[in-house]
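So the structure is just underneath, and the comments pick up after that.
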Amino acid sequence: MIQTSMTSISKPKAPEKKEQVHRVLLGKKQILVTEDEPLLVQLERAGIHVEYQCREGYCSSCSIKLLWGNVIYPFEPLAWVQSGYLLACCAIVKSDIEIAFFD
């Protein structure tokens with residue numbers, strides 16, 4: 001009688017990309033956002049209304065005061081970004097941040 005043993009060979013699993021989550025403080029509200037989408041989309045999903053027109057960094061209608069924290073732009077916005085502000089339509093949050101809407 002011949003006995004064989006079966007061994008299974010499996011590929012090692014690639015490490016899963018851990019999603020980066022950051023806090024956005026807006027007055028007494030706090031929401032969690034990821035680095036996967038622009039801030040505007042995530043604020044809207046949380047029920048926070050932000051004025052905008054182009055959603056592409058052309059017009060600066062979505063300019064929001066950045067009190068502290070870091071954002072980046074995956075592409076250079078065509079609109080001028082005033083110092084201390086961000087364009088929510090194309091800003092990617094890279095740390096916990098605090099923002100404010102000023103009239």
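Computed from a predicted structure; not experimentally measured.
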For this session: Start with the C-alpha distance between Leu39 and Ile92, add both sets of side-chain angles, then the distance that settles side chain to side chain contact (heavy atoms under 4.5 Å, CB included), and finish with yes or no.
Result: CA-CA 6 Å; Leu39 178 59; Ile92 302 295; over 6 Å; no

Problem set entry | Shortest non-hydrogen separation from Ile97 to Gly69 and the atoms involved | CG2-CA, 3.7 Å

Exercise. Who pairs with Glu98 by salt bridge (Lys or Arg N to Asp or Glu O under 4.0 Å), at least two apart in sequence or on another chain?
Worked result: none

For this session: Give a yes or no on whether the backbone of Ser60 and the side-chain of Tyr52 come within a donor-acceptor separation of less than 3.5 Å.
Result: no

Problem set entry | Contact list for residues 51-79, test salt bridge (charged side-chain N to carboxylate O under 4.0 Å, His left out), sequence neighbours left out | Glu44-Arg55

For this session: Identify the heavy atoms of Leu67 and Ala100 that sit nearest to each other, and give their distance.
Result: CD1-CB, 3.9 Å

For this session: Quick one: closest heavy-atom pair of Asp96 and Trp68, and the distance?
Result: O-CZ3, 3.3 Å

Problem set entry | side chain to side chain contact (heavy atoms under 4.5 Å, CB included) assessment of Leu32 paired with His22 | CA-CA 6 Å; Leu32 298 177; His22 305 291; over 6 Å; no

Seminar exercise, completed: One should read off an interatomic distance between Cys89 SG and Ile64 CD1, to the nearest 0.5 angstrom, of 9.5 Å

For this session: Without swapping roles, check the side chain of Ser95 against the backbone of Asn70 for a donor-acceptor pair under 3.5 Å.
Result: yes

For this session: List the steps and the verdict of side chain to side chain contact (heavy atoms under 4.5 Å, CB included) for Val81 and Ser63.
Result: CA-CA 8 Å; Val81 183; Ser63 183; over 6 Å; no

For this session: Verify the neighbour count for atom CD of Gln53: are there more than 12 heavy atoms of other residues, nucleotides or ligands below 6.0 Å?
Result: no

